[in-house]
Q: 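I have a structure I would like to understand better, so I am pasting it below and will then ask my questions one at a time.
Everything quoted here is computed from the prediction, not taken from an experiment. Scope of the values below: all heavy atoms of this structure, side chains included, with no hydrogens, waters or symmetry mates. Naming: A, B, ... by sequence-line order, numbering from 1 per chain.
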Protein chains: 2
Amino acid sequence: MDRIRDRFRSYLSDQGLKSTQQREIILDEFLKAGAHLSTEELYLKIRKKHPHIGYATVYRTLKLFSECGIAEEHNFGDGQTRYETVAGESHHHDHLICTECKRIIEFEDPRIEQMQDEVAARHGFKILNHRLELYGLCDDCRKKHSS
Amino acid sequence: MDRIRDRFRSYLSDQGLKSTQQREIILDEFLKAGAHLSTEELYLKIRKKHPHIGYATVYRTLKLFSECGIAEEHNFGDGQTRYETVAGESHHHDHLICTECKRIIEFEDPRIEQMQDEVAARHGFKILNHRLELYGLCDDCRKKHSS
DNA sequence: ATGCGTGCAAACCTTTTGCAGTCAT
DNA sequence: ATGACTGCAAAAGGTTTGCACGCAT
């Protein structure tokens with residue numbers, strides 16, 4: 001966690017940007033929240049304790065997180081951009097998304113990753129990024145349906 | 001192709017909806033275009049020959065295509081919803097997307113699909129849908145970069 | 001005739017930006 | 001001091017909808 005904070009501060013000073021109270025607060029709340037938050041959800045969370053922080057600041061700070069590599073943007077098809085922490089050491093992962101209860105489960109599978117590389121190689125493609133999302137019903141929702 | 005038209009007409013009459021000139025024209029242009037079109041792109045294409053057809057009609061008709069299963073919605077991260085034909089017999093496929101020239105290459109890999117099923121099973125998940133997108137540089141753009 | 005479909009324009013929603021004042025360096 | 005940052009409000013960009021009229025059944 002502190003590693004991430006350090007990384008963010010370094011990024012700021014490297015770029016000639018400034019470390020401000022707002023940015024610290026937003027980073028704290030973002031890390032605390034953990035999950036896959038939309039800009040608005042994070043803004044609402046923050047507003048409770050810090051009503052003076054505006055939406056635009058949250059929005060711009062999340063962009064900053066994504067630029068400096070401590071967060072990743074996602075689009076799960078609900079019309080909102082969501083952000084997720086990228087822990088420095090953790091592996092890339094993909095998502096199972098329950099279309100019913102909106103739960104998001106993370107998983108990683110190196111074999112799938114490797115096959116992606118193979119596909120790319122076959123097409124002379126250089127992968128910079130990828131996303132794999134499986135939409136469906138989670139265990140709980142499946143059970144609810146069948147009962 | 002005609003199979004798709006039939007399917008659309010059946011869907012309309014099954015649902016008590018009407019077959020109109022506009023819908024026929026939009027379907028024709030959509031099938032002719034082939035690629036991964038946004039609502040706006042299709043609208044612009046159609047407007048050239050049929051200036052009387054409105055954006056909303058194109059929009060609503062594409063939704064209809066997607067409801068009846070002859071088209072699929074995609075979000076490749078450029079902020080626009082794109083539609084793609086689903087030929088009845090063809091297999092599901094995924095996408096390689098060149099972030100530079102915006103080219104979209106389709107591929108399919110049953111082994112990856114199978115592994116996705118395994119992952120889902122491991123989590124008690126029932127997959128209804130999925131998407132896999134590999135973003136990066138296509139062969140041509142890679143060469144341009146290195147030269 | 002009936003009621004779905006169409007075209008237009010306006011509403012919506014999320015993301016982005018301009019600006020004047022504020023703050024970190 | 002200086003230039004980046006913030007908060008507000010407004011703009012933008014895409015999607016969706018209301019309504020009065022038109023058309024397929």
Q: Pick the closest DNA chain C nucleotide for B:Tyr43 and for B:Gly16 by heavy atoms, then say which residue is nearer the 5' end.
A: B:Gly16

Q: With ring pair (Phe, Tyr, Trp, His ring centres under 6.0 Å) as the rule and sequence neighbours excluded, what pairs involving residues 96-122 of chain A come up?
A: none

Q: Using a cut-off of less than 4.0 Å, is there contact between a side-chain N or O of A:His52 and OP1 or OP2 of D:dG7?
A: yes

Q: If the condition is salt bridge (Lys or Arg N to Asp or Glu O under 4.0 Å), which residues does A:Arg23 pass it with, not counting sequence neighbours?
A: none

Q: Is the side chain of B:Glu41 donor-acceptor paired with the backbone N or O of B:Ser38 at a distance under 3.5 Å, no angle test?
A: yes

Q: Suppose we screen for side chain to side chain donor-acceptor pair (under 3.5 Å). Which residues come up paired with A:Asp94, at least two apart in sequence or across chains?
A: A:His92

Q: Identify the two heavy atoms, one from B:Leu137 and one from B:Cys141, that lie closest to each other, and give their separation to 0.1 Å.
A: CD2-CB, 4.3 Å

Q: Look for any protein N or O under 3.5 Å of an N or O in nucleotides 21-25 of chain D and output each such pair with its distance, or none.
A:
unit_1: D:dA24; atom_1: O3'; unit_2: B:Ser19; atom_2: O; d: 3.4
unit_1: D:dA24; atom_1: N3; unit_2: B:Lys18; atom_2: NZ; d: 3.4

Q: Mind listing the side-chain donor-acceptor pairs of residues 45-63 of chain B below 3.5 Å, one per line with the distance, residues two or more places apart or on another chain?
A:
unit_1: B:Lys49; atom_1: NZ; unit_2: B:Glu29; atom_2: OE2; d: 3.1
unit_1: B:Thr61; atom_1: OG1; unit_2: B:Thr57; atom_2: O; d: 2.6
unit_1: B:Lys63; atom_1: NZ; unit_2: B:Glu73; atom_2: OE2; d: 2.9

Q: A:Phe8: what forms a ring-ring contact (aromatic ring centres under 6.0 Å, His included) with it, not counting sequence neighbours?
A: A:Phe65

Q: Contact boundaries of DNA chain C with chain B (under 4.0 Å, heavy atoms), 5' to 3'?
A: C:dG3 to C:dC8

Q: Which residues pass the ring-ring contact (aromatic ring centres under 6.0 Å, His included) test with A:His74, sequence neighbours left out?
A: A:Phe76, A:His95

Q: Begin from the C-alpha positions of B:Phe125 and A:Asp139 and carry the test side-chain contact (heavy atoms from CB on, under 4.5 Å) through to its verdict.
A: CA-CA 5 Å; B:Phe125 220 86; A:Asp139 213 18; over 6 Å; no

Q: According to salt bridge (Lys or Arg N to Asp or Glu O under 4.0 Å), does anything in residues 111-123 of chain A pair up with another residue at least two apart or in another chain? List the pairs.
A: A:Asp109-A:Arg111, A:Arg111-B:Glu118, A:Glu118-B:Arg111, A:Arg122-B:Asp109

Q: Quick one about B:Glu106 and B:His36 (side-chain donor to acceptor, distance below 3.5 Å, no hydrogens or angles considered), yes or no?
A: yes

Q: Using five base pairs at each end to define the local axes, how bent is the helix from C:dA1-D:dT25 to C:dT25-D:dA1, to the nearest 10°?
A: 30°

Q: Name all residues meeting the side-chain contact (heavy atoms from CB on, under 4.5 Å) criterion together with A:Arg103; count only those two or more places apart in sequence or in a different chain, and write none if there are none.
A: A:Cys98, A:Cys101, A:Ile105, A:Cys138, A:Asp140

Q: Are the side chain of A:Arg142 and the backbone N or O of B:Gly124 linked by a donor-acceptor pair below 3.5 Å?
A: yes

Q: For nucleotides 10-17 of chain D, just jot down a letter per nucleotide in 5' to 3' order: B, S or -, based on protein non-hydrogen atoms under 4.0 Å.
A: ----SBBB

